[in-house]
Amino acid sequence: MMIIAPILVGLVYVVLMSLIHEPHRRRFNAVMVAGAGAAYLSGGGLGIWEFAFAAVVTYVAYRGLESWTFIGIAWLLHTGWDVVHHLKGAPIIPFLHDSSFGCAICDPVIAIWCFAGGRSVTDFVRARVGSRRPRSSVG
């Protein structure tokens, strides 16, 4: 369950973000990943490196305002930072020891979606379900 739950969280994130129409979806996700990059600032345990990481992710997220690829890169950067925090024993949620591990599983799910262009999965499902409806014949 330590792996399944974070994957499900990532998938739920993708579905919920799919409800936002473009170009707002891309811009909103750039802001979200910038916020995720700052998540450890309030005591992540790596000192000045927390600020350096936040600065890098903020720049990459800024580039993500116009590029899904940069948003995906920012999520993968956050994944790496989560791994560092998990190994160091400084989790993103201080009272949940494996929270950084879970985040490191969740973030690549979101990154994959971003690298695929952040397409709306809800639109995709609606189109697939709509194309399977039987067509009525008018005669």
Side-chain angles (χ1 to χ4, degrees):
M1 197 63 172
M2 263 177 70
I3 293 175
I4 301 295
I7 290 172
L8 291 175
V9 169
L11 293 173
V12 167
Y13 177 91
V14 167
V15 169
L16 291 175
M17 291 300 109
S18 293
L19 299 174
I20 302 172
H21 296 288
E22 281 289 7
H24 307 295
R25 179 172 47 247
R26 184 186 61 246
R27 293 178 185 146
F28 186 84
N29 275 277
V31 171
M32 288 294 288
V33 76
Y40 288 106
L41 280 177
S42 65
L46 296 178
I48 193 74
W49 294 108
E50 301 291 2
F51 291 95
F53 176 76
V56 169
V57 171
T58 299
Y59 172 75
V60 176
Y62 172 75
R63 296 290 307 270
L65 288 169
E66 300 299 327
S67 167
W68 279 106
T69 300
F70 276 98
I71 298 170
I73 290 168
W75 280 115
L76 291 182
L77 287 170
H78 194 263
T79 299
W81 207 239
D82 290 326
V83 170
V84 169
H85 276 269
H86 177 70
L87 295 174
K88 186 179 182 310
I92 193 166
I93 302 171
F95 55 87
L96 291 175
H97 181 265
D98 291 327
S99 58
S100 290
F101 175 79
C103 202
I105 300 296
C106 175
D107 293 351
V109 173
I110 300 168
I112 290 167
W113 174 67
C114 293
F115 288 130
R119 295 184 187 106
S120 173
V121 294
T122 56
D123 288 350
F124 176 78
V125 170
R126 278 188 223 129
R128 298 296 264 174
V129 170
S131 68
R132 290 186 182 177
R133 290 185 184 159
R135 296 187 177 150
S136 62
S137 59
V138 177

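Computed from a predicted structure; not experimentally measured. Only heavy atoms go into these numbers, but all of them, side chains included; no hydrogens, no water, no symmetry mates.
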- request: Please tell me if the side chains of W49 and W81 come closer than 4.5 Å, counting only heavy atoms from C-beta onward.
  value: yes
query: In Å and rounded to the nearest 0.5 Å, what is the CZ to CG distance from F70 to L65?
result: 11.5 Å
field: Separation between OH of Y13 and CD1 of I110, rounded to the nearest 0.5 Å
entry: 5.5 Å
- prompt: Under 4.5 Å between side-chain heavy atoms, hopping through other hydrophobics if needed: is there a path connecting V31 to L76?
  reply: no
Aromatic plane relationship, Y59 with Y62 - under 30° parallel, 30 to 60° tilted, over 60° perpendicular: tilted
task: Work out which heavy atom in A38 is nearest to a heavy atom in A54; give both atom names and the distance.
output: CA-CB, 4.5 Å
field: Heavy-atom pair of closest approach, residues W68 and C114
entry: CB-O, 3.3 Å
- prompt: Between the main-chain N or O of I92 and the side-chain N or O of S100, is there a donor-acceptor pair closer than 3.5 Å?
  reply: yes
- request: Grab the two heavy atoms, one from H78 and one from C103, that are nearest each other, plus how far apart they are.
  value: CE1-SG, 3.6 Å
- request: Using the test side-chain hydrogen bond (donor to acceptor under 3.5 Å, both in side chains), find all partners of R119 that sit at least two apart in sequence or belong to another chain.
  value: none
task: Find out whether F101 and P6 are in side-chain contact, i.e. whether some heavy atom of one side chain is under 4.5 Å from a heavy atom of the other.
output: no
Single-linkage hydrophobic cluster, 4.5 Å side-chain cutoff, V109 and F115 together: no
query: Is there side-chain contact between W113 and L11, with heavy atoms separated by less than 4.5 Å?
result: no
query: Minimum heavy-atom separation for I105 to I7, with atom names?
result: CG2-CG1, 3.7 Å
field: Sub-4.5 Å side-chain heavy-atom contact between T69 and R63
entry: no
task: State, with a plain yes or no, whether a side-chain heavy atom of Y40 is found less than 4.5 Å away from one of V84.
output: no
- prompt: Going by heavy atoms in the side chains, are R26 and I71 under 4.5 Å from each other?
  reply: yes
- request: Would you check if R25 and N29 make a side-chain contact, meaning some heavy-atom pair closer than 4.5 Å?
  value: yes
- request: Show your reasoning for whether side chain to side chain donor-acceptor pair (under 3.5 Å) applies to H86 and D82.
  value: CA-CA 6 Å; H86 177 70; D82 290 326; over 6 Å; no
query: Can you name the nearest heavy-atom pair linking A61 to V33, along with the distance?
result: CB-CG1, 3.7 Å
Identified side chain to side chain contact (heavy atoms under 4.5 Å, CB included) counterpart of D107 within the set I112, V9, V83, T79: T79
- prompt: SG of C106 to CG of L8: how many Å apart, nearest 0.5 Å?
  reply: 10.0 Å
field: T122 to S18 - nearest heavy-atom pair and separation
entry: OG1-O, 3.4 Å
